[in-house]
**Q** 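Starting off with a structure, shown below.
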Amino acid sequence: MSRLLPHPLLSAILVVIWLLLVNQISFGHLLLGLILGWAVPLYTARFWPDEVHVQSPMRLVRFVFIVLYDILVANIAVAGLILGRQERLKPAFLVLPLRLKNDVAISILANTISLTPGTVSAYLSADRSCLIIHSLHADDPDEILETIRERYEMPLKEIFESC
């Protein structure tokens with residue numbers, strides 16, 4: 001069964017997303033959504049890492065809400081920076097030594113940083129020991145790194161790695 005339908009949850013999500021994108025529920029769109037929901041995971045299965053083990057599902061839910069809140073707050077802060085005087089900006093590249101070892105957790109961390117306005121994950125070292133981050137405004141680089149570590153990296157370590 002897993003060879004024909006490698007990621008059933010992803011398949012269901014893709015069908016729902018397809019129906020939301022076309023904004024219409026008809027037999028043809030449902031059939032096309034089902035075909036896409038089957039074919040995309042089947043084709044991409046070889047690119048997926050080994051099975052992901054979530055150690056703390058409730059912590060994952062909490063993490064998602066924290067990220068969504070941080071994205072909202074960062075949007076407002078970045079809008080204020082952009083609309084203000086440009087010479088006030090202090091862009092900087094920051095190096096975050098990683099405590100994470102799990103590839104999925106590192107990927108989620110890098111994507112979370114990039115999703116949060118004002119910061120972008122710029123480079124992951126080949127040995128996955130540090131992440132270089134660009135910050136639009138870095139008054140206190142150490143504070144930014146500590147915030148990332150506390151709000152994102154440590155929860156991801158609890159979620160995906162056995163401590």
Side-chain angles (χ1 to χ4, degrees), residues 1-79 93-136 147-163:
M1 178 65 177
S2 66
R3 288 182 60 202
L4 291 175
L5 194 60
H7 300 286
L9 180 62
L10 176 61
S11 295
I13 290 170
L14 288 172
V15 171
V16 170
I17 288 173
W18 176 256
L19 292 174
L20 289 171
L21 284 172
V22 295
N23 199 25
Q24 183 180 13
I25 297 178
S26 67
F27 178 74
H29 285 298
L30 181 60
L31 182 62
L32 185 56
L34 288 170
I35 291 170
L36 288 172
W38 168 75
V40 170
L42 187 65
Y43 176 73
T44 62
R46 63 181 174 205
F47 302 115
W48 284 63
D50 296 333
E51 188 174 330
V52 176
H53 295 284
V54 175
Q55 305 294 329
S56 176
M58 290 310 295
R59 184 79 172 148
L60 179 60
V61 171
R62 184 169 182 252
F63 176 78
V64 169
F65 282 110
I66 288 170
V67 170
L68 291 174
Y69 173 79
D70 286 352
I71 289 172
L72 178 67
V73 169
N75 269 301
I76 295 166
V78 168
F93 282 98
L94 314 172
V95 178
L96 176 69
L98 293 175
R99 296 178 184 163
L100 294 170
K101 302 298 177 213
N102 182 289
D103 287 342
V104 173
I106 293 171
S107 177
I108 292 173
L109 175 65
N111 284 295
T112 299
I113 291 167
S114 293
L115 281 171
T116 308
T119 55
V120 175
S121 298
Y123 180 76
L124 175 63
S125 65
D127 63 354
R128 292 172 165 65
S129 65
C130 67
L131 184 64
I132 297 178
I133 302 162
H134 182 268
S135 177
L136 179 64
T147 300
I148 290 171
R149 187 169 305 289
E150 287 177 13
R151 291 186 69 81
Y152 306 138
E153 186 181 29
M154 295 314 294
L156 287 170
K157 189 165 186 65
E158 293 172 12
I159 293 165
F160 292 103
E161 298 177 3
S162 54
C163 297

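Computed from a predicted model, the values in this text were never measured in an experiment.
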**Q** Can you see which heavy atom on Ile71 is nearest to which on Pro117, and at what distance?
**A** O-CD, 3.9 Å
**Q** I need the Trp38 CH2 to Leu10 CG distance, nearest 0.5 Å.
**A** 14.0 Å
**Q** Take Tyr123 and Leu131 through the side chain to side chain contact (heavy atoms under 4.5 Å, CB included) test and state the conclusion after the steps.
**A** CA-CA 6 Å; Tyr123 180 76; Leu131 184 64; over 6 Å; no
**Q** Please test Leu19 against Leu30 for side chain to side chain contact (heavy atoms under 4.5 Å, CB included), starting from the C-alpha separation and ending with a verdict.
**A** CA-CA 7 Å; Leu19 292 174; Leu30 181 60; 4.0 Å; yes
**Q** Of all the heavy-atom pairs spanning Leu156 and Ala105, show the shortest one and how long it is.
**A** CD1-O, 3.7 Å
**Q** Using a 3.5 Å distance criterion without hydrogens, assess whether the side chain of Ser114 forms a donor-acceptor pair with backbone atoms of Ala110.
**A** yes
**Q** Just do the side chain to side chain contact (heavy atoms under 4.5 Å, CB included) check on Ile133 and Thr119 with the steps written out, would you?
**A** CA-CA 7 Å; Ile133 302 162; Thr119 55; 4.2 Å; yes
**Q** CG of Leu100 to CD1 of Ile159: how many Å apart, nearest 0.5 Å?
**A** 10.0 Å
**Q** When rounded to the nearest 0.5 angstrom, what is the spacing between CG in Leu98 and CD1 in Ile148?
**A** 10.5 Å
**Q** Looking at Thr116 and Ala74, what are the two nearest heavy atoms and their distance?
**A** CG2-CB, 3.7 Å
**Q** Hey, what do you get for CG (Leu109) to CE (Met154), rounding to the nearest 0.5 Å?
**A** 11.5 Å
**Q** Indicate the atoms forming the closest heavy-atom contact of Phe160 with Asn102, along with that distance.
**A** O-ND2, 3.8 Å
**Q** Within the 4.5 Å heavy-atom criterion, are Arg149 and Pro97 side-chain neighbours or not?
**A** yes
**Q** Please identify which of these residues, Arg62, Arg59, Arg99, meets the salt bridge (charged side-chain N to carboxylate O under 4.0 Å, His left out) condition with Glu158.
**A** Arg59
**Q** May I ask you to check whether over 12 heavy atoms, not counting those of Leu31, lie within 6.0 Å of atom CG?
**A** yes
**Q** Could you measure the distance from the NZ atom of Lys157 to the CD atom of Gln55? Nearest 0.5 Å is fine.
**A** 11.0 Å
**Q** Calculate, to the nearest 0.5 Å, the distance between atoms CZ and CG belonging to Phe27 and Leu32 respectively.
**A** 11.5 Å
**Q** Classify the ring geometry between His29 and Trp18 as parallel (under 30°), tilted (30 to 60°) or perpendicular (over 60°).
**A** tilted
**Q** What are the two closest heavy atoms between Leu14 and Pro41, and how far apart are they?
**A** CD1-CD, 3.8 Å
**Q** Can you see which heavy atom on Gly37 is nearest to which on Val15, and at what distance?
**A** CA-CG2, 4.3 Å
